[in-house]
> 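Structure provided below as structure tokens; questions to follow.
Here the structure is a predicted model, which is why all the values come from computation and not from measurement. Note that ligands are numbered from 1 as they come in the structure, with each ligand's atoms numbered from 1 the same way. Numbers here simply count residues along the sequence, with the first being 1. Atom set for the values below is all heavy atoms of this structure, side chains included, hydrogens, waters and symmetry mates excluded.
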Amino acid sequence: MATRPPPEGKPWELAAHPRLAKGKVVGVVVLDGWGEAPPDPFNYIHVAETPTLDALKKGAPERWRLIKAHGTAVGLPTDDDMGNSEVGHNALGAGQIYAQGAKLVDLALSSGKIYEGEGFKYIQQSFENGTLHLIGLLSDGGVHSRFDQLQLLLKGASEHGAKRIRVHVLTDGRDVLDGSSVRFVEMLEEDLSRLRDKGVNARIASGGGRMYVTMDRYENDWQVVKRGWDAHVLGEAPHKFKSALEAVKKLREDPKANDQYLPPFVIVDESGKPVGPVQDGDTVVTFNFRADRMVMLAKALEYENFDKFDRVRFPKIRYAGMLQYDGELKLPSHYLVAPPQIERTSGEYLARNGVRIYACSETVKFGHVTFFWNGNRSGYFNPSLEKYEEIPSDIGIPFNVQPKMKALEIAQKARDAILSRKFDQVRVNIANGDMVGHTGDIEATIVGCKATDEAVKIILEAIEQVGGIFILTADHGNAEDMAKRDKSGKPLRDKDGKVQTLTSHTLNPVSALSSVKVPIAIGGPGLAPGVRFRKDLPCTGLANVAATVMNLHGFEAPDHYEPTLIEVVGN
Ligand SMILES: O=C(O)[C@H](O)COP(=O)(O)O
Ligand SMILES: [Mn+2]
Ligand SMILES: [Mn+2]
């Protein structure tokens, strides 16, 4: 991975493409969670009415194809790893494949290097007298965290001196099946009991469902993080239990309960006292490797000056992230594993070559099309050439209740940006396939997919009006398959005969189709007539898109980029 290192010291100037003109407006549309799968009653993209997107597929066979969006094609440890927004947008924007957080943590743990690094040495200093708190997502989804990494870290930390450990668990049900929280808590309790046998005072101290407690992103709703702070740090929550297993089982008895949205809880001792609030002299590690849903908590844990909610108490702790979550903000300042150094992204190249860029999405995906796209870098490369616009997402309402989300608003902003002719690239992320897909609500997902199609129509019409070019793709799958399946591809049913809903991103279990592919389409009146997708590149993925986009802007891509998907034939 990252086989061809970026050319240090090489010029930033891009050569002109020999056949493609500069100066066309290029609309770059990323449909979030929009994979390609065979027609099927659980393929809600197929079930929904999507005439605009259907026309792209049927209308121009040389300008529509599939590319890989999961596993090693996006820098994940194996091809059994489903894709996600972070690695997807990193690959789309960077044009190169980097070993991603999940893999870097695996390597650091298996080699033991994690325990030799500055970050671990820093937290280790508090092991003698303080408690080690581990906060993160309890899941084997491999998107934000992995259970086996937590297990190794618990074992390794205790072998390296941690005597008192408290784990604060966020239940998933989004990247893994709803209800799996019970099994994960059971497995964690077994591990902690083994540690106790070895004399380590180890317990689960608090928890809650990831979407309601702690793991908000892009500052959509600080109340989510406050609920986490109260439970994990202050030891206060509306629900108190003697054990985490009792907590998840009891809280799930509510017929509307769901792992993603479990209320916050704390574990208390016989006298009703919380077993593990964070105190002065303690250490906190947030064990998620992925940044977006840990940055807000990291700010609360690290910043002396903080006004997003009343922390009540700001304990003097040593805090480290599994990774550094924001390289620009240097947040957190201490971390156990160095994040991938994603360099020379297409955004930076294009800005340095005078391309004016507009990027837009709604809050829940805004960082995807800016921060992730630009290699986990916040801010502009050149503020005089770029404009990033965020449309506030709905707060406090699940996306199945408002499944159209802000698709139309994003499309209208994109249309205005295209028609203004102030920008050469207008880039958007349309979130519905993913965000509504994660709710597992069938009817809502169909509405969301239809809204996506309508938004695309608006953008393509604007491109048509200015004689521009569009390139449309996705970052990973989600809404195209919402049934959990057996190895033969047959939907799995629960004990009542109901098909089990797949709320996660997709990974087709059928061996012959075991890769997840997303569509990519190009077109628009500005596209030179001889442009078509190459046929000599059978193994392509999201990382091939950046070179393609550069070509559409009239530039050759740098040599170290994954190859372009297009060629120009004829005269
Ligand atoms: O954070 C989330 O919402 C999910 O775990 C992954 O979805 P995303 O990769 O599309 O953001
Ligand atoms: Mn996504
Ligand atoms: Mn998602």
> Does Lys413 have more than 12 heavy atoms from other residues, nucleotides or ligands lying within 6.0 Å of its NZ?
no
> Check this for me: does any side-chain nitrogen of one of Asp175 and Arg210 sit under 4.0 Å from a carboxylate oxygen of the other?
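Yes.
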> Is the shortest side-chain N to carboxylate O distance from Asp81 to Lys103 below 4.0 Å?
no
> Taking only heavy atoms of His368, which atoms of ligand 1 are found under 4.0 Å from at least one of them?
11 (O)
> Which of the atoms of ligand 1 are close to Asn84, meaning less than 4.0 Å from one of its heavy atoms?
9 (O)
> Does a salt bridge link Arg174 with Asp259, judged by any charged N lying under 4.0 Å from a carboxylate O?
no
> I'd like to know if Lys57 and Glu36 make a salt bridge, using a cut-off of under 4.0 Å between side-chain N and carboxylate O.
yes
> Regarding Asp326 and Lys330, does a basic nitrogen lie under 4.0 Å from an acidic carboxylate oxygen?
no
> Kindly confirm or rule out an N or O of Ser85 lying under 3.5 angstrom from an N or O of ligand 1.
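N/O-N/O distance below 3.5 Å exists for this pair.
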> Checking the N or O distance criterion of under 3.5 Å, is ligand 1 in contact with Asp175?
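Yes: some nitrogen or oxygen of Asp175 is under 3.5 Å from one in ligand 1.
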> If the cut-off is 4.0 Å to any non-hydrogen atom of His144, which atoms of ligand 1 fall inside it?
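Taking each heavy atom of His144 in turn, ligand 1 has 1 (O), 2 (C), 4 (C), 5 (O) under 4.0 Å.
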> Of the backbone atoms (N, CA, C, O) and the side-chain heavy atoms from C-beta on, which set of Met435 has a member under 4.0 Å from an atom of ligand 1: side chain, backbone, both, or neither?
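Neither part.
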> State plainly whether the residues Arg290 and Asp292 are in salt-bridge range, i.e. N to O under 4.0 Å.
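Salt bridge present between Arg290 and Asp292.
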> Any non-hydrogen side-chain atom of Glu302 less than 4.5 Å from a side-chain atom of Leu331?
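Sidechains of Leu331 and Glu302: in contact.
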> On the six-membered ring of Phe371, is Arg377 placed so that its NZ or CZ lies under 6.0 angstrom from the centre and within 45° of the ring axis?
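No; the conditions do not both hold, so Arg377 does not lie above the ring face of Phe371.
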> Looking only at protein heavy atoms, identify the closest one to atom 2 (C) of ligand 1 and say how far it is in Å.
Arg210 NH2, 3.1 Å
> Is it true that Lys365 and Asp475 make a salt bridge, defined as a side-chain N closer than 4.0 Å to a carboxylate O?
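Not counted as a salt bridge, because no side-chain N and carboxylate O are separated by less than 4.0 Å.
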> Can you tell whether the side chains of Lys256 and Asp254 come within less than 4.0 Å, N to carboxylate O?
no
> Does ligand 1 have a heavy atom under 4.0 Å from the side chain of Asp434, from its backbone, from both, or from neither?
side chain
> Heavy atoms only, cut-off 4.0 Å: how does Gln260 contact ligand 1, side chain, backbone, both, or neither?
neither
> Does Arg290 have a non-hydrogen atom less than 4.0 Å from ligand 1?
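Yes, Arg290 has heavy atoms under 4.0 Å from ligand 1.
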> Run the numbers for me: atoms of ligand 1, each under 4.0 Å from some heavy atom of His505, listed by number.
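That gives atoms 6 (C), 7 (O), 8 (P), 9 (O), 10 (O) of ligand 1.
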> When you look for heavy atoms under 4.0 Å from ligand 1, do you find them on the side chain of His476, its backbone, both, or neither?
side chain
> Need the ligand 1 atom indices (1-based, order shown) with element for anything under 4.0 Å from a heavy-atom of Arg174.
2 (C), 3 (O), 4 (C)
> Just heavy atoms, cut-off under 4.0 Å: does Asp475 contact ligand 1 by side chain, backbone, both, or neither?
neither
> Are Asp441 and Met482 close enough that some pair of their side-chain heavy atoms sits under 4.5 Å apart?
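Counting from C-beta outward, Asp441 and Met482 never come under 4.5 Å.
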> For ligand 1, indicate whether the residue Lys365 contacts it via side chain, backbone, both or neither (heavy-atom separation under 4.0 Å).
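For Lys365, the contact with ligand 1 is made by the side chain alone.
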> Side chain, backbone, both or neither: which applies to Met82 and ligand 1 if a contact is any heavy-atom pair less than 4.0 Å apart?
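For Met82, no heavy atom sits under 4.0 Å from ligand 1.
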> Report yes if some heavy atom in the side chain of Leu66 is under 4.5 Å from a heavy atom in the side chain of Ile520; otherwise report no.
no
> Can you tell whether the side chains of Asp40 and Arg485 come within less than 4.0 Å, N to carboxylate O?
yes
> Looking at ligand 1, is there an atom of it that comes within less than 4.0 Å of some heavy atom belonging to Met211?
no
> Could you tell me whether the side chain of Ser361 and the main chain of Ile410 form a donor-acceptor pair under 3.5 Å?
no
> Around the Mn ion (ligand 3), what protein N, O or S atoms are found below 2.8 Å?
Asp434 OD1, Asp434 OD2, His438 NE2, His505 NE2
> Nearest to the Mn ion (ligand 2), which N, O or S atom of Asp475 do we find?
OD2
> Under 4.0 Å from any heavy atom of Asp32, which atoms of ligand 1 are there?
10 (O)
